[in-house]
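Chain naming here is simple, since letters A, B, ... match the order of the sequence lines and numbering starts at 1 in each.
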Number of protein chains: 2
Amino acid sequence: MTAIKESSTIQENKQYALEKCPVTFVMEKIGGYWKPIILYHLSTGDKRYSELKRAIPAVTEKMLIQHLKQLEADGLVIREAKPVVPPFVTYKLSNAGTGLLPVIDAMAAWAFKVKDGVYTI
Amino acid sequence: MTAIKESSTIQENKQYALEKCPVTFVMEKIGGYWKPIILYHLSTGDKRYSELKRAIPAVTEKMLIQHLKQLEADGLVIREAKPVVPPFVTYKLSNAGTGLLPVIDAMAAWAFKVKDGVYTI
DNA sequence: ACAAGTACTTACCCTAAAGTATGTATTATG
DNA sequence: CATAATACATACTTTAGGGTAAGTACTTGT
């Protein structure tokens, strides 16, 4: 979980943007290539780690858990581990995570409008 | 506008995500620290370049035009330049850009819910 | 005995995004 | 004659994010 230099303009600006801009706040949570995709896959119900891995073949294991851990730390997903062997771990959306689905939907709606040429870009 | 290496895994994955995931498509357009903030400032009406600069003091000029140019290239904002001197350039939201406002609003709504403790994260 | 499956972890590298600093053209104004 | 104001541009450096590759622990199946 890559160390961050505690004093860099980029971090200060992130701080500024986080406080000033709710959108940036959301971006912090669901930004990155994989988080939205993970969220999407969890929106249809809980999934095991290995299920997610198979569902998103292009993601590396490092990226997958790294983002799962971040999503968990941000309270968007809930991890449940059964103390068995081989391990049995499932991930599911929390209330906050579920609350993000309308945002995801609004984004998807806009994306499809653009692709359907509704907006003559 | 930083040149991109045409063959790197990161670019291939971005491609994958762009095709598979409408959310990533939106992220491409409004991701980055400054784009949402710029969009937000333009949501209340057109602004001159210098007005934006003053309205967002933490952004550097390089970042500001770089993002404005990208937003323009993506058809989200429209640039209008009057051929006078000193230059007089205004930026405003296009239809597509305006179409994004509901997304921004949904994000803001979620962010405020989180901050108000609606979701016991 | 050894591979396979599970859910990770860790060390190292590479690249794209962000930041710093300075320069450009044009005209008005003191 | 020099400075200010406008809207940029550009060379160079830094940093955070993403990728590669390999290893860990524990058990079941062959």
Side-chain angles (χ1 to χ4, degrees), chain A residues 1-17 24 27-38 46-54 56-72 77 79-91, chain B residues 1-17 24 27-35 37-38 46-72 77 79-91:
Chain A
M1 225 163 280
T2 27
I4 36 174
K5 254 203 135 181
E6 81 297 325
S7 179
S8 67
T9 317
I10 185 167
Q11 285 306 315
E12 284 163 29
N13 278 345
K14 193 176 274 187
Q15 214 33 48
Y16 165 85
T24 304
M27 292 295 194
E28 274 291 298
K29 309 290 181 194
I30 64 173
Y33 303 143
W34 303 112
K35 278 186 193 168
I37 301 183
I38 294 169
D46 16 348
K47 292 265 180 346
R48 289 185 68 175
Y49 173 82
S50 51
E51 286 182 290
L52 285 171
K53 208 174 68 178
R54 273 188 293 272
I56 318 171
V59 77
T60 65
E61 293 206 64
K62 184 200 165 196
M63 284 294 103
L64 185 53
I65 9 153
Q66 192 175 98
H67 285 134
L68 281 171
K69 296 289 173 196
Q70 278 175 35
L71 289 168
E72 193 195 358
V77 309
R79 192 188 99 112
E80 270 164 14
K82 288 182 186 161
V84 295
V85 68
F88 192 95
V89 178
T90 52
Y91 290 92
Chain B
M1 227 164 278
T2 27
I4 35 173
K5 251 201 136 180
E6 82 296 323
S7 179
S8 67
T9 316
I10 186 165
Q11 284 307 315
E12 284 162 29
N13 278 346
K14 195 174 272 187
Q15 213 35 47
Y16 165 84
T24 304
M27 292 295 195
E28 273 293 297
K29 309 291 181 193
I30 65 173
Y33 305 141
W34 303 113
K35 278 186 193 168
I37 299 182
I38 294 170
D46 16 346
K47 292 266 181 344
R48 288 186 69 175
Y49 173 81
S50 51
E51 285 181 292
L52 285 171
K53 208 174 69 177
R54 272 188 293 271
I56 317 172
V59 76
T60 64
E61 292 205 66
K62 184 200 167 198
M63 285 293 104
L64 185 54
I65 9 153
Q66 191 175 99
H67 286 132
L68 281 171
K69 296 288 172 197
Q70 278 176 35
L71 289 169
E72 193 195 358
V77 309
R79 192 188 98 112
E80 271 164 12
K82 288 183 187 161
V84 295
V85 67
F88 192 96
V89 178
T90 52
Y91 290 91

Under-4.0 Å side-chain N/O to phosphate OP1/OP2 contact, [X] with [N]:
{"X": "A:Arg48", "N": "C:dA7", "answer": "yes"}
{"X": "A:Tyr49", "N": "C:dT9", "answer": "no"}
{"X": "B:Arg79", "N": "D:dA7", "answer": "no"}
{"X": "B:Lys53", "N": "D:dC8", "answer": "no"}
{"X": "B:His67", "N": "C:dA18", "answer": "yes"}

To the nearest Å, how far apart are [X] [atom1] and [N] [atom2]?
{"X": "B:Gln70", "N": "C:dA17", "atom1": "CD", "atom2": "P", "result": "8 Å"}
{"X": "A:Leu52", "N": "C:dT6", "atom1": "CG", "atom2": "C1'", "result": "14 Å"}
{"X": "A:Leu64", "N": "D:dT20", "atom1": "CG", "atom2": "C1'", "result": "16 Å"}
{"X": "A:Glu80", "N": "C:dA7", "atom1": "CD", "atom2": "C1'", "result": "16 Å"}
{"X": "A:Lys82", "N": "D:dT27", "atom1": "NZ", "atom2": "C1'", "result": "17 Å"}
{"X": "B:Phe88", "N": "D:dC8", "atom1": "CZ", "atom2": "P", "result": "12 Å"}
{"X": "B:Ile38", "N": "C:dA18", "atom1": "CD1", "atom2": "P", "result": "11 Å"}
{"X": "A:Ile56", "N": "D:dG18", "atom1": "CD1", "atom2": "C1'", "result": "15 Å"}

Between [options], which nucleotide gets closest to the side-chain atoms of [X]?
{"X": "A:Lys69", "options": "C:dG5, C:dC8, C:dA7", "result": "C:dC8"}
{"X": "B:Glu61", "options": "D:dA21, D:dA7, C:dT6", "result": "D:dA7"}
{"X": "B:Thr60", "options": "D:dC8, D:dG19, C:dT20", "result": "C:dT20"}
{"X": "A:Pro87", "options": "C:dT6, C:dG19, C:dT27", "result": "C:dT6"}
{"X": "B:Ser50", "options": "C:dA18, C:dA7, D:dA7", "result": "D:dA7"}

- Criterion side-chain hydrogen bond (donor to acceptor under 3.5 Å, both in side chains) against A:Gln70, the qualifying member of A:Lys35, A:Lys29, A:Glu28: A:Lys35

- Task: Mind running side-chain hydrogen bond (donor to acceptor under 3.5 Å, both in side chains) on A:Tyr49 and A:Glu61 for me, showing each step along the way?
- Result: CA-CA 10 Å; A:Tyr49 173 82; A:Glu61 293 206 64; 2.9 Å; yes

- Item | Gap between atom CG of B:Leu64 and atom CH2 of B:Trp34 - 0.5 Å precision |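 B:Trp34 CH2 to B:Leu64 CG: 9.5 Å, rounded to 0.5 Å.
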
- Message: Categorize B:Val89 for me: base, sugar-phosphate, or nothing, with a 4.0 angstrom heavy-atom threshold over every strand shown.
- Response: sugar-phosphate

- Task: Measure from NZ or CZ of A:Lys82 to the centre of the six-membered ring of A:Phe88, then state whether that distance is under 6.0 Å and the direction lies within 45° of the axis.
- Result: yes

- Message: Please check: side-chain N/O of A:Glu72 versus main-chain N/O of A:Lys69, any donor-acceptor pairing under 3.5 Å?
- Response: no

- Query: Nearest nucleotide by nearest heavy atom, which residue falls closer to the 5' end of DNA chain D, A:Pro86 or A:Gly32?
  - Reply: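 Result: A:Gly32.
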
